[in-house]
Amino acid sequence: MQIQREENRKLHGTKEMTKEMTKEMNSAIKMLMKENPMISASEIAKILSVSAESVRYRIKIMKRAGEIQRKGSTKKGRWEIMT
C-alpha cells in the first residue's frame with residue numbers, strides 16, 4: 001500500500017512537470033511568433049532544439065484552443081497571437 005502511494009505521488013509529479021514543460025514550450029513558440037510573425041515551424045524547431053513535428057503539433061493544439069491564428073498563405077502568411 002505504501003509503495004502504491006509513493007508511485008502515485010511520483011506519477012502525479014511527472015504529470016505536473018509535463019504540464020509545466022508544455023506551458024513553457026507554448027510560451028516560447030508564441031514569443032518567437034510575436035518577434036517574427038512570418039517564422040516557420042522548422043525555424044522555431046531549430047531555435048528551440050526540438051523536432052519540427054513537435055512544434056507543428058503544439059501549433060495545431062494552440063490553433064484549436066484559439067490561442068494563435070495564421071493569417072494568409074502558408075508561405076507568405078503571418079502568425080497572430082490571440083491570448
Side-chain angles (χ1 to χ4, degrees):
M1 191 71 157
Q2 178 67 22
I3 294 171
Q4 187 177 13
R5 275 188 250 152
E6 191 173 311
E7 288 297 318
N8 284 341
R9 268 188 246 135
K10 285 181 184 177
L11 182 61
H12 180 70
T14 302
K15 285 181 182 179
E16 290 301 314
M17 189 167 44
T18 301
K19 284 181 186 178
E20 188 61 33
M21 290 171 62
T22 298
K23 285 181 186 178
E24 288 176 18
M25 175 70 76
N26 288 357
S27 294
I29 291 170
K30 287 183 201 177
M31 181 192 70
L32 291 168
M33 288 175 170
K34 280 182 184 177
E35 290 174 2
N36 179 4
M38 297 182 78
I39 197 167
S40 70
S42 297
E43 291 170 322
I44 293 170
K46 285 179 187 174
I47 293 167
L48 298 179
S49 299
V50 297
S51 72
E53 198 55 40
S54 174
V55 172
R56 286 185 194 99
Y57 174 76
R58 297 299 335 144
I59 288 172
K60 182 169 73 172
I61 299 299
M62 289 189 285
K63 284 169 81 174
R64 283 185 187 161
E67 296 176 31
I68 61 173
Q69 195 173 50
R70 182 81 176 174
K71 294 288 186 176
S73 69
T74 304
K75 298 278 183 188
K76 305 268 183 185
R78 309 177 68 78
W79 291 108
E80 289 188 1
I81 311 303
M82 311 312 282
T83 59

Undergrad: With clusters defined by side-chain heavy atoms of hydrophobic residues (ILVMFWY) lying less than 4.5 Å apart, directly or transitively, does M38 cluster with I29?
TA: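 Shared cluster, no.
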Undergrad: Taking only distance into account, with no hydrogens and no angle test, what donor-acceptor pairs under 3.5 Å do side-chain atoms of residues 40-55 form with protein atoms, sequence neighbours excluded?
TA:
from	atom 1	to	atom 2	distance (Å)
S40	OG	E43	N	3.1
S40	OG	E43	OE1	3.3
S42	OG	R56	NH2	3.4
E43	OE1	S40	N	2.8
S51	OG	S54	N	3.0

Undergrad: On a heavy-atom basis, which atom in I59 and which in W79 lie closest, and how many Å separate them?
TA: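 Closest pair (atom of I59, atom of W79, distance): CG2-CH2, 3.5 Å.
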Undergrad: With rounding to the nearest 0.5 angstrom, report the CE to CD1 distance, M62 to I68.
TA: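 So the CE of M62 and the CD1 of I68 are separated by 4.0 Å.
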Undergrad: Can you get from I39 to I81 by hopping between Ile, Leu, Val, Met, Phe, Trp and Tyr side chains that sit under 4.5 Å apart?
TA: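 Same cluster.
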Undergrad: Sorted by first residue and then second, give each salt bridge (Lys or Arg N to Asp or Glu O under 4.0 Å) pair with at least one member in residues 63-76; sequence neighbours left out.
TA: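 Matches after skipping sequence neighbours: K30-E67.
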